[in-house]
Every structure is written in structure tokens, then in C-alpha cells.
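We're numbering straight along the sequence, starting at 1. Whatever order the structure lists ligands and atoms in, that order sets their numbers, starting from 1.
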Amino acid sequence: MDPGKLNVVAMLKQAGLRVTPQREAILQYLVDTGGHATVEEIYQGVQPCFPHMSVSTVYNTVKHLAQVGLIKEIHVGDGPSRFDMNVRPHHHLICRKCGILFDFYIDEPPRFHLPPEAQGFQIEDYHVEVQGICPACRAASGE
Ligand code: ZN
Ligand code: MN
């Protein structure tokens, strides 16, 4: 039996969700592709096995999975929301050539230098988006 598949079922159960073929397929797609997928990518990815699954089913399912904390909805760049398998606090490197995303971490606590007028601002969450060129794109362009 496929251990990845078992894992996804366990994740759904642990979150107190009923295991449905749609949830299983969508979560499995995210596991297989390493997360960071858009609704459109997930929709395309599950089409071969679930030709009748609509974009709105994918959308509603990922929204629900994010709500229960199994995945995290992230906004990087100008593109559509992506759904991240990594629910630990983390940040992203984004390649401006190929668009690949990498997770990275910042030592906590970070040192924020707030402007005087924002002193006392209660920071609840932050996300750092670092743009650049990934190693593969650099190698390809001979940089
Ligand atoms: Zn790249
Ligand atoms: Mn991530």
C-alpha cells in the first residue's frame, strides 16, 4: 500500500474531517507536488482521476482544509492564492524567472525596526517574500 496515501487519510482524520475521495485527492496532490499549488494547478492535477471535479469544489475544499489548519493559504507576488503544506511559520524565496518558491525560516524573535508613529503596534503575523534568481535559473543562464 502507498504510504503517502495512508498519511493523507490520517491527516484528514486527525483534523476531524470526514475522508472523502475529493479531499484525499486534493491533499495527496499537494503532498506529491510539495505544496504551494494554486486552485487551478490542483484542478488540472486531479483531472485525470477526477474528471468531474469542478474548480469550485477544489476551491471550497482547499478553503476548508485551510480553515481547519491542515494547509495554509498564502499570497506571494501578484498571482492567485497558493495552498501550502507547510503550516509552520515560515517565509518564501521566489524566483522571478521561473516562479519557483522555496520555504525559509527566520530566527525568532526577529528584530523589527518600527517607525516612531507605529511604536506599540501589536504584530500578529508577518511574511517575508524574497525575490531573486534560483540556482537552476542561474545555472541555465550561465550566471
Ligand atoms: Zn528559477
Ligand atoms: Mn511555504
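- Between the SG atom of C95 and the SG atom of C137, the angle centred on the Zn ion (ligand 1) amounts to 110° when rounded to 10°.
- When OD1 of D103 and NE2 of H90 are joined through the Mn ion (ligand 2), the resulting angle is 90° to the nearest 10°.
- The side-chain contact (heavy atoms from CB on, under 4.5 Å) test with I42 singles out one residue from L27, V55, V58, T33, and that residue is V58.
- When hydrophobic clusters are built by joining Ile, Leu, Val, Met, Phe, Trp and Tyr residues whose side-chain heavy atoms come closer than 4.5 Å, directly or via intermediates, V128 is grouped together with L114.
- Side-chain polar atoms of D103 and H92 form a donor-acceptor pair below 3.5 angstrom.
- Each of I74 and L93 belongs to its own hydrophobic cluster when Ile, Leu, Val, Met, Phe, Trp and Tyr are linked at side-chain heavy-atom distances under 4.5 angstrom.
- For the Mn ion (ligand 2), the set of nearby N, O or S atoms under 2.8 Å includes none belonging to H91.
- The angle subtended at the Zn ion (ligand 1) by SG of C134 and SG of C98 is 110°, given to the nearest 10°.
- Counting just the N/O/S atoms of D84, the one with the shortest distance to the Mn ion (ligand 2) is named OD2.
- Contact record, I71 with V62: CD1-O, 3.7 Å, taken as the closest heavy-atom pair.
- Rounded to 10°, the angle formed at the Mn ion (ligand 2) by NE2 of H92 and NE2 of H36 is 90°.
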